[in-house]
Amino acid sequence: MAKDPVRVLVTGAAGQIGYALVPMIARGVMLGADQPVILHMLDIPPAAEALNGVKMELVDAAFPLLKGVVATTDAVEACTGVNIAVMVGGFPRKEGMERKDVMSKNVSIYKSQASALEKHAAANCKVLVVANPANTNALILKEFAPSIPEKNITCLTRLDHNRALGQISERLNVQVSDVKNVIIWGNHSSTQYPDVTHATVNTPAGEKPVRELVADDKWLNEEFIAVVQQRGAAIIKARKLSSALSAASSACDHIRDWVLGTPEGTWVSMGVYSDGSYNVPSGLIYSFPVTCKNGEWCIVQGENTSDRYHFSLVNEFYVMLTRLSYISRTLHR
């Protein structure tokens, strides 16, 4: 028996990431090759014509799994009945702007979208925030959609996770699918900590630790971390545009593993609402190693962490505390 379609919302759908993301969803990359979908695409009124063009291309591509397309500039229409929401739309940081300026713009954007999700989305809707600053935007969304369970609001650090896998794969000249269990701790920003303490590579002789195979602690502790932290900036320098294809692919990976489950013995990185694990204060959206099963994520417990991780934690705590204070002041104006 054919499955019922899943309604997937993509905000900012006429933008670079959205344009790369929606065909992946329609082709089954996100939810599987047997799962029909109905795409809900939302963007701002000035992008309405471009959004309609994206809709026309989706129709022209004749994706067998795509059972309908909603393209709109109205948040209520976009959010009605959706099972999964991928929040790509947000105000981009421009030259000369401080982070507080970006957050102020995003409070306005996320207030209307979060309220629409809370009132009109399907029960148990899963939300992934992609727009930067992703951790902070997820907190803003949670403030304006208090009835959405904390466990259902996440942010994207899978892009950083995949970047770390790619760097290890290139360094060792192995298939990226043979590398697993890197960890991204913290925020989707240059303050994150990419951790290979528990990462392994599948070899003909069995699984081997990444650190043993690389055999170069200086590279792992310095260059590797810097490359992953600064990869987004490097792509902007090369393309003159920010990451789009890799961000879209990572968003699909994030949702796919969350909904369909992670392979046995494999961890992935997700920005989730902290329950106090690893001494991360409750109430922060923070990237942890997680496993997923039956549509739920679970933080991997009891793993050793390095001194660099603890430095990252302190840094992230003060960054997020500052942002929470700013959000609180903005909400009560």
Side-chain angles (χ1 to χ4, degrees), residues 1-15 17-43 47-48 50-89 112-131 141 145 147-149 151-154 156 158 245 247-262 268 270 292-297:
M1 181 180 293
K3 295 181 177 180
D4 293 331
V6 171
R7 292 182 178 268
V8 182
L9 166 65
V10 176
T11 70
I17 296 174
Y19 186 69
L21 178 59
V22 292
M24 294 182 188
I25 298 170
R27 193 175 288 279
V29 175
M30 177 178 282
L31 295 172
D34 63 343
Q35 178 59 66
V37 295
I38 297 173
L39 271 169
H40 289 226
M41 303 191 301
L42 175 67
D43 218 310
L51 185 66
N52 189 51
V54 176
K55 179 179 179 179
M56 288 190 285
E57 287 205 76
L58 286 169
V59 172
D60 292 349
F63 294 109
L65 291 173
L66 186 59
K67 303 305 179 184
V69 181
V70 176
T72 182
T73 60
D74 180 76
V76 171
E77 182 182 6
C79 293
T80 298
V82 297
N83 308 103
I84 294 167
V86 185
M87 315 299 285
V88 177
S112 63
Q113 294 180 1
S115 298
L117 279 173
E118 181 172 36
K119 293 175 184 176
H120 301 287
N124 207 35
C125 176
K126 288 177 165 56
V127 182
L128 167 62
V129 177
V130 175
L141 191 145
S147 69
I148 297 179
K151 66 180 182 178
N152 282 22
I153 297 175
T154 65
L156 186 71
R158 183 61 175 269
L245 185 153
S249 180
S250 298
C252 287
D253 292 343
H254 177 113
I255 295 292
R256 184 189 64 245
D257 285 342
W258 189 2
V259 172
L260 302 179
T262 48
V268 295
M270 291 173 60
C292 302
K293 187 176 182 180
N294 299 325
E296 304 285 347
W297 55 262

Quick one: pull up NE2 in His254 and CH2 in Trp297 and give me the separation to the nearest 0.5 Å. 10.0 Å
Scanning both residues in full, the closest heavy-atom pair of Asp257 with Cys292 reads O-CB, 3.1 Å
Which residues satisfy the salt bridge (charged side-chain N to carboxylate O under 4.0 Å, His left out) test with Lys151, sequence neighbours excluded? Glu296
Shortest non-hydrogen contact from Val10 toward Gly18: CG1-CA, 4.3 Å
So which heavy atom on Ile17 is nearest to which on Ala247, and how close? CD1-CB, 3.9 Å
Does any part of the side chain of Val127, heavy atoms only, come nearer than 4.5 Å to the side chain of Met87, both counted from C-beta? yes
Sidechain-backbone polar pair: Asn83 side chain, Arg7 backbone, donor-acceptor under 3.5 Å: yes
Just do the side-chain contact (heavy atoms from CB on, under 4.5 Å) check on Asp43 and Thr11 with the steps written out, would you? CA-CA 6 Å; Asp43 218 310; Thr11 70; over 6 Å; no
Atom pair OG1 (Thr262) and NZ (Lys293), whose distance is rounded to the nearest 0.5 Å: 9.5 Å
Could you report the tightest heavy-atom contact between Ala13 and Leu51, atom names first, then the distance? CB-CD1, 3.8 Å
Side chains of Met30 and Val86: closer than 4.5 Å at any heavy-atom pair? yes
Heavy-atom distance under 4.5 Å between the side chains of His40 and Val8, does that happen here? no
If you look only at distance, which donor and acceptor atoms sit under 3.5 Å apart when one is on a side chain in residues 115-125 and the other is two or more places apart or in another chain?
residue	atom	partner	partner atom	Å
Ser115	OG	Lys111	O	2.8
Glu118	OE2	Ser147	N	2.8
Glu118	OE2	Ser147	OG	2.7
Asn124	OD1	Asn152	ND2	2.9

Would you mind writing out the side-chain donor-acceptor pairs for residues 54-63 within the sub-3.5 Å range, not counting sequence neighbours?
residue	atom	partner	partner atom	Å
Glu57	OE1	Tyr19	OH	3.4
Glu57	OE2	Tyr19	OH	2.7

Taken in chain and number order and not counting sequence neighbours, the residues that satisfy salt bridge (charged side-chain N to carboxylate O under 4.0 Å, His left out) with Arg256 are Asp253
Gap between atom CG of Leu260 and atom CD1 of Ile255 - 0.5 Å precision: 10.5 Å
Does the side chain of Val6 reach to within under 4.5 Å of the side chain of Ile38, using non-hydrogen atoms? no
Report the C-alpha distance between Leu42 and Gln113 in whole Å, list the side-chain angles of each, state the deciding distance to 0.1 Å, and finish with yes or no for side-chain contact (heavy atoms from CB on, under 4.5 Å). CA-CA 10 Å; Leu42 175 67; Gln113 294 180 1; 3.8 Å; yes
Does the pair Arg158 and Val268 meet the rule for a side-chain contact (heavy atoms from CB on, under 4.5 Å), with working shown? CA-CA 7 Å; Arg158 183 61 175 269; Val268 295; 3.6 Å; yes
Is there side-chain contact between Ile148 and Ile153, with at least one heavy-atom pair below 4.5 Å? yes
Derivation and outcome, side-chain contact (heavy atoms from CB on, under 4.5 Å), residues Ile84 and Val37: CA-CA 10 Å; Ile84 294 167; Val37 295; over 6 Å; no
Show me the pairs that pass salt bridge (Lys or Arg N to Asp or Glu O under 4.0 Å) and involve residues 17-37, at least two apart or across chains. Lys3-Asp34
What donor-acceptor contacts under 3.5 angstrom involve side-chain atoms of residues 72-80, with partners at least two apart or in another chain?
residue	atom	partner	partner atom	Å
Thr72	OG1	Asp74	N	2.9
Thr72	OG1	Glu77	OE1	2.7
Asp74	OD2	Val76	N	3.3
Asp74	OD2	Glu77	N	2.8
Thr80	OG1	Val76	O	2.6

